[in-house]
Protein chains: 2
Amino acid sequence: MAKVNKHSEKKSPARHGGRLKSLRLARGLTLEQLSRMAGVSKAMLSQIEQDKVNPTVAVMLKIARAMQLNISDLIDSPSRENIFRIIPASDDHYTFRSDPLCTIRTLSPLSLEKSIEFYHLKLEAGGELQSEPHFPGTEEFLHITRGQMSVASGDQTAEIKKGDSIHYRVDISHTLRNTARGPAEAYMIVRYRGE
Amino acid sequence: MAKVNKHSEKKSPARHGGRLKSLRLARGLTLEQLSRMAGVSKAMLSQIEQDKVNPTVAVMLKIARAMQLNISDLIDSPSRENIFRIIPASDDHYTFRSDPLCTIRTLSPLSLEKSIEFYHLKLEAGGELQSEPHFPGTEEFLHITRGQMSVASGDQTAEIKKGDSIHYRVDISHTLRNTARGPAEAYMIVRYRGE
DNA sequence: TACTAAAGTCTAATATAATAAACAAATGGC
DNA sequence: GCCATTTGTTTATTATATTAGACTTTAGTA
């Protein structure tokens, strides 16, 4: 009698509807107008606003384009949903370089919309890290927690040791060297100047 | 013979697949791992990566959450798709206040992720605009193009006239007044200090 | 009130997103 | 080499997103 659903995930339509509705109304658009502008049926728009469906990203993109919005404007708190971005110490996927003399571990999330990258860097005795030029305006912050290093950029060189911090532009190639007998460690921040 | 499709929109699955795949691989995740983490079937993930489907935003959100990403990281250039955000002069939906003494028109897009709002303000003789306190750190820039105004914030008042510009914090309530006989106009920028 | 016209909601039909399970392809011992 | 295990793809089925059009509701006017 009762129909048995083979895979019965209960899909609860998310609630982005209010968002869309208020944005649409703020522009004084009717469902029909927006429907024509976006190429999405009036019915669909209505159902999205009522949270009766899980719309496709294709559809949401069409709507966003018509309203000259970023898609994330239409989706409920996409960034606020994840207040924390965690990188467990046990997760070694973030260790993107590990050879005998140099280990680099990323401490910031692998997002594409980032403007900041956070690293932990370990150089064994004799180790060095050579970097190609980054984008113009990019800058680096370095804080030494163990041993000592030299930073060479252009024709200048700076010596820093445990507890020291340094800040410099990295739009030309530069090199970090461990200048002590033992291992050296540091935290590094790379900041991209976005538009 | 040939089945006639009543509504035969040719849905071409967008190409966000590569994005997801590279982000997944960057983390060293397999389809099955990600499948369990996100609660999305392995098959679906594979099809998304191959651009064979138009996934639902619900699904993309699950994936984004599992990867601790913003959904826009997974969607192809959502912001870059619209380089220009146009507000036609003829579009009066952006005029959000219009009474005999005061007209305000928004010149910046009605996005939610904004940190800047741009307005054109017109005060007739005797008109004034009282504003409630904004968030801490919010600031305002004003440039007068016609007539003259006074800006009162706290117990201080400033007089500015055509050609003048002014900058002030607006985390306490403040008032703009037209102090001349004729109309006054200005451009106004409100800047929110994000996070 | 009744009569429009316009805006929004609902219904039935169809295309398709999402799934589980079977399949294929690569990987790693032994 | 062979077998087992793991990873990615394809298939068949079910659930559902999307649509056109019918319906309802609202708003304005005489």
Side-chain angles (χ1 to χ4, degrees), chain A residues 1-66 71 74-75 93, chain B residues 1-66 71 74-75 93:
Chain A
M1 354 234 120
K3 184 160 69 171
V4 174
N5 294 336
K6 195 170 171 189
H7 51 98
S8 54
E9 285 280 311
K10 55 179 84 172
K11 300 229 143 185
S12 46
R15 33 183 162 11
H16 319 129
R19 201 94 167 233
L20 171 56
K21 185 164 192 174
S22 58
L23 282 167
R24 176 175 63 82
L25 293 179
R27 270 147 233 249
L29 291 173
T30 72
L31 288 179
E32 197 156 305
Q33 288 176 308
L34 182 55
S35 168
R36 276 195 302 270
M37 292 164 64
V40 172
S41 75
K42 186 174 64 161
M44 179 83 295
L45 295 175
S46 171
Q47 287 164 339
I48 292 174
E49 290 190 351
Q50 294 173 94
D51 296 322
K52 297 203 159 178
V53 288
N54 288 312
T56 301
V57 309
V59 162
M60 285 306 243
L61 272 177
K62 284 199 222 170
I63 298 172
R65 209 170 308 142
I71 191 175
L74 294 178
I75 294 175
H93 298 133
Chain B
M1 329 261 122
K3 184 160 69 171
V4 174
N5 294 337
K6 196 171 171 189
H7 51 97
S8 56
E9 285 279 312
K10 55 179 85 172
K11 301 227 143 188
S12 47
R15 31 180 164 14
H16 318 130
R19 202 95 166 234
L20 170 57
K21 185 164 193 174
S22 57
L23 282 166
R24 176 175 63 83
L25 293 179
R27 271 147 230 248
L29 292 172
T30 73
L31 288 181
E32 197 157 305
Q33 287 177 308
L34 182 55
S35 168
R36 277 195 302 271
M37 293 165 64
V40 172
S41 75
K42 188 174 63 160
M44 177 85 294
L45 295 174
S46 171
Q47 287 165 338
I48 291 174
E49 289 190 351
Q50 294 173 95
D51 296 322
K52 297 202 161 181
V53 289
N54 288 311
T56 303
V57 309
V59 162
M60 285 306 244
L61 272 176
K62 285 199 221 168
I63 299 172
R65 208 170 309 141
I71 190 175
L74 294 178
I75 294 176
H93 298 132

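Each chain gets a letter, A, B and so on, in the order the sequences are listed, and its residues count up from 1.
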Distance check needed: [N] [atom2] versus [X] [atom1], whole Å only.
X       : N      : atom1 : atom2 : result
A/Leu25 : C/dA7  : CG    : P     : 12 Å
A/Ile48 : D/dT18 : CD1   : P     : 6 Å
A/Arg36 : C/dA6  : CZ    : P     : 11 Å
B/Asp51 : C/dA18 : CG    : P     : 14 Å
B/Met60 : D/dA17 : CE    : C1'   : 16 Å
A/Glu49 : C/dA7  : CD    : C1'   : 11 Å
A/Ile63 : D/dT19 : CD1   : C1'   : 14 Å
B/Gln47 : C/dT19 : CD    : C1'   : 9 Å

Phosphate oxygens OP1/OP2 of [N]: is one of them under 4.0 Å from a side-chain N or O of [X]?
X       : N      : answer
B/Thr56 : C/dA18 : yes
A/Lys52 : C/dT9  : no
A/Arg24 : C/dG8  : yes

Side chain of [X] - closest among [options]:
X       : options                : value
A/Lys21 : D/dT18, C/dT9, C/dA18  : C/dT9
B/Ser41 : C/dA20, C/dT9, D/dA20  : C/dA20
B/Leu31 : D/dT18, C/dA20, D/dT9  : D/dT9
B/Asn54 : C/dA17, C/dT19, D/dG8  : C/dA17
B/Lys42 : D/dT10, D/dT18, D/dG8  : D/dG8
B/Gln50 : D/dT19, D/dT9, C/dA18  : D/dT9
B/Met44 : C/dC10, D/dT10, C/dT19 : C/dT19

Inset, instruction - Assign A/Thr30 to base, sugar-phosphate, or nothing according to its heavy-atom contacts below 4.0 angstrom with the strands shown. - result: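 Answer is sugar-phosphate: A/Thr30 comes under 4.0 Å of backbone atoms only.
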
Legend entry - Min side-chain heavy-atom separation B/Leu45-B/Glu32 under 4.5 Å: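 They are not in side-chain contact.
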
Inset, instruction - Apply side chain to side chain donor-acceptor pair (under 3.5 Å) to A/Gln50 and list each qualifying residue two or more places apart in sequence or on a separate chain. - result: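 Per chain and number, A/Gln50 pairs via side chain to side chain donor-acceptor pair (under 3.5 Å) with A/Ser46.
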
Legend entry - Partners meeting side chain to side chain donor-acceptor pair (under 3.5 Å) with A/Gln47 (sequence neighbours left out):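 Side chain to side chain donor-acceptor pair (under 3.5 Å) list for A/Gln47, sorted by chain: empty.
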
Inset, instruction - Let me know which of B/Ile48, B/Ile71, B/Leu23 forms a side-chain contact (heavy atoms from CB on, under 4.5 Å) with B/Ile63. - result: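 The side-chain contact (heavy atoms from CB on, under 4.5 Å) with B/Ile63 is passed solely by B/Ile48 among B/Ile48, B/Ile71, B/Leu23.
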
Inset, instruction - For B/Ser22, check side-chain contact (heavy atoms from CB on, under 4.5 Å) against everything at least two apart and list the hits. - result: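 Residues passing side-chain contact (heavy atoms from CB on, under 4.5 Å) with B/Ser22: none at all.
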
When the side chains of residues 34-41 of chain A are checked against the rest of the protein, which donor-acceptor pairs come out under 3.5 Å, sequence neighbours left out?
unit_1: A/Ser35; atom_1: OG; unit_2: A/Val40; atom_2: O; d: 2.7
unit_1: A/Ser35; atom_1: OG; unit_2: A/Lys42; atom_2: N; d: 3.4
unit_1: A/Ser41; atom_1: OG; unit_2: A/Met44; atom_2: N; d: 3.0

Legend entry - Toward the 5' end of DNA chain C, by each residue's nearest nucleotide, A/Ala43 or B/Pro55: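 Taking each residue's closest nucleotide, the earlier one in sequence belongs to A/Ala43.
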
Legend entry - Whether A/Thr30 side chain and A/Gln33 backbone form a donor-acceptor pair below 3.5 Å: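 Answer holds: yes.
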
Inset, instruction - Five pairs at each end of the helix from C/dG8-D/dC23 to C/dC30-D/dG1: take the axis at both ends and give me the angle between them to 10°. - result: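 The angle, to the nearest 10 degrees, is 30°.
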
Legend entry - Minimum heavy-atom distance A/Arg24-A/Leu29, with the two atoms named: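 Scanning both residues completely, I find the closest heavy atoms to be NH1-O, 2.8 Å.
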
